[in-house]
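See below for the structure under consideration.
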Amino acid sequence: MAGRVLSRTFAALSLSAALASLTCRFAGSNSFPSCWLHPNSITMFDSNGATKHFHDKARTSPYPGSKVERSPVPNEKVDWLVVWPEYCPVEYNAESVLAGPTWADPLLSESNFSPKFNEKDEHVDRRSKNGIYEIENGRPRNPVGRTGLIGRGLLGRWGPNHAADPIITRWKRDKRGSKITHPGSGKNTLQFVAIKRKDCGEWALPGIYKGYVDDPRNTDNAWMETEAVNYHDDTGEIMDTLALEAGDDAGKVRWVDISDELSLYASHSEFIKLVAEKRDAHWSVDCETDCRGR
């Protein structure tokens, strides 16, 4: 009994922290919020048919929290492999970063600062989940391409700035505690904790994803990366009775059934689909036929 109470208490604390991060995540040990994390990108293909992703939000102006306008970067000039001698990005470093907080790197010009890029640099992980990134003139180079702005902007670290995103799920159950199956697919229905955005009224969640994030704070020299973790209550004994409270910038927060009929913010439906597949839960009636035929 004591063990169950302890588990529920721990779960309540964990869920409270996770819900807070649904609307405002923190990158690594940094103290700055990661409130704009949406893994959106323009999907393109190279001459060999390989998929290439070009950021979109990372080229938007003005830069968050400022009136700084980026140098325009057209889609065809994002890739560093495209020769563009006229490229002249704007440099911007937020005052909050230049003030030297503990979560931010010093200036590269400081003599006592020698970051080990692409390595675990003491307590700072400067490795990218996308692989090795290039260093040009002593500065790390955004692995996805040009953004129209150099420096760090609002980001604390040169190179990758890491964040973690929780996705909380449970099985949908009836009053007797039995799992509810979907009549069309015959698979159990999975639920996740979602927030309803005030700006557009759509349900949202952090994406099941590991790697570069198309974030409006990204620059040519600093960028956001995230890794999503699925916290799943398989028995329903831990999460079912916990109260859900929305953050200041969220309209509502509740358990939502997972299916392809749900309208999710941006490309989040692709990420929640991965959760359903991982848990062998219901996603789409049509998909079940396709999946069996594979």
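Note that the numbering runs from 1 along the sequence shown for the chain.
Hydrophobic clustering (ILVMFWY, side-chain heavy atoms < 4.5 Å, transitive): Ile150 and Ile135 are in distinct clusters.
In this structure the side chain of Thr147 never reaches within 4.5 angstrom of the side chain of Trp223, judged on heavy atoms. Side-chain atoms of Asp125 and Pro160, non-hydrogen and from C-beta on, never get closer than 4.5 Å to each other.
Residue Ile132 shares its hydrophobic cluster (ILVMFWY side chains chained together at separations under 4.5 Å) with no other residue.
The line from OG1 of Thr189 to CD1 of Ile180 is 7.0 Å long, rounded to the nearest 0.5 Å. Of the inter-residue distances, the one linking Leu107 atom CG with Trp158 atom CH2 reads 7.0 Å to the nearest 0.5 angstrom. Here the straight-line distance linking atom CG of Leu155 with atom CG of Asp215 works out to 7.0 Å at 0.5 Å rounding. Residue Trp255 holds its CH2 atom at 6.5 Å from CD1 of Ile168, rounded to the nearest 0.5 Å. Note: His182 NE2 to Ser284 OG = 8.5 Å, rounded to the nearest 0.5 Å.
Tyr133 places no side-chain N or O within donor-acceptor distance of the main-chain N or O of Asn142, the cut-off being under 3.5 Å. A donor-acceptor pair under 3.5 Å links the side-chain atoms of Arg146 to the main chain of Asp79, judged by distance alone. For Asp121 (side chain) and Lys116 (main-chain N/O), a donor-acceptor pair under 3.5 Å exists by modelled atom type. Between the side chain of His55 and the main chain of Val144, no donor-acceptor pair closer than 3.5 Å is present. Side-chain atoms of Ser185 never come within 3.5 Å of backbone atoms of His282 as a donor-acceptor pair (strictly under, hydrogens ignored). Remark: side-chain polar atoms of Asn218 are paired, donor with acceptor, to backbone N or O of Val213 under 3.5 angstrom. Proximity of a side-chain donor or acceptor of Asn93 to a complementary backbone N or O of Arg152 within less than 3.5 Å is detected. One N or O on the side chain of Thr219 and one on the backbone of Gly151 form a donor-acceptor pair closer than 3.5 Å. For Arg59 (side chain) and Val73 (main-chain N/O), a donor-acceptor pair under 3.5 Å exists by modelled atom type.
Under the side-chain hydrogen bond (donor to acceptor under 3.5 Å, both in side chains) criterion, Lys129 pairs with Glu227, not counting sequence neighbours. Not counting sequence neighbours, Phe113 has no partner by the ring-ring contact (aromatic ring centres under 6.0 Å, His included) test. The salt bridge (charged side-chain N to carboxylate O under 4.0 Å, His left out) check on Glu91 picks up Arg139, with sequence neighbours excluded. With sequence neighbours left out, Thr235 forms a side chain to side chain contact (heavy atoms under 4.5 Å, CB included) with Asp233, Glu237. Looking at residues two or more places apart in sequence or on another chain, you find a ring-ring contact (aromatic ring centres under 6.0 Å, His included) between Tyr92 and Tyr63. Annotation: side-chain hydrogen bond (donor to acceptor under 3.5 Å, both in side chains) contacts of Asp257 (sequence neighbours excluded): Lys172, Gln191. With sequence neighbours left out, the side-chain hydrogen bond (donor to acceptor under 3.5 Å, both in side chains) criterion links Asp234 to Trp171, His232. Checked against side-chain hydrogen bond (donor to acceptor under 3.5 Å, both in side chains), Glu134 has the following partners two or more places apart in sequence or in another chain: Arg141. Here Pro183 pairs with nothing under the side chain to side chain contact (heavy atoms under 4.5 Å, CB included) rule; sequence neighbours left out. Not counting sequence neighbours, the partners of Ser61 by the side chain to side chain contact (heavy atoms under 4.5 Å, CB included) test are Glu69, Arg70.
The local environment of CD in Glu110 is crowded, with over 12 non-hydrogen atoms from other residues, nucleotides or ligands closer than 6.0 Å. Under a cut-off of 6.0 angstrom, the local environment of NZ in Lys179 is crowded, with over 12 non-hydrogen atoms contributed by other residues, nucleotides or ligands.
Under the salt bridge (Lys or Arg N to Asp or Glu O under 4.0 Å) criterion, the residue pairs touching residues 97-106 are Asp105-Arg126, Asp105-Arg157, with sequence neighbours excluded.
Residues Ala58 and Tyr212 come closest through the heavy atom pair CB-OH, 4.0 Å. Heavy atoms only, all atoms of each residue included: Pro72 and Trp84 are closest at O-CH2, 3.6 Å. Nearest heavy atom pair, residue Ala276 against residue Ile258, reads CB-CG2, 4.1 Å. Heavy-atom minimum distance, Leu108 versus Gly138: CD1-O, 3.7 Å. Between Gly148 and Asp220, the shortest heavy-atom distance links the atoms N-OD1, 3.8 Å. In terms of heavy-atom proximity, Leu154 sits nearest to Ala94 at CD2-CB, 3.6 Å.
A perpendicular orientation is assigned to the rings of Tyr87 and Trp80, their planes being inclined by more than 60° (bins at 30° and 60°).
We find that Asp260 and Lys273 are not joined by a salt bridge, their nearest charged nitrogen and carboxylate oxygen being 4.0 Å or further apart.
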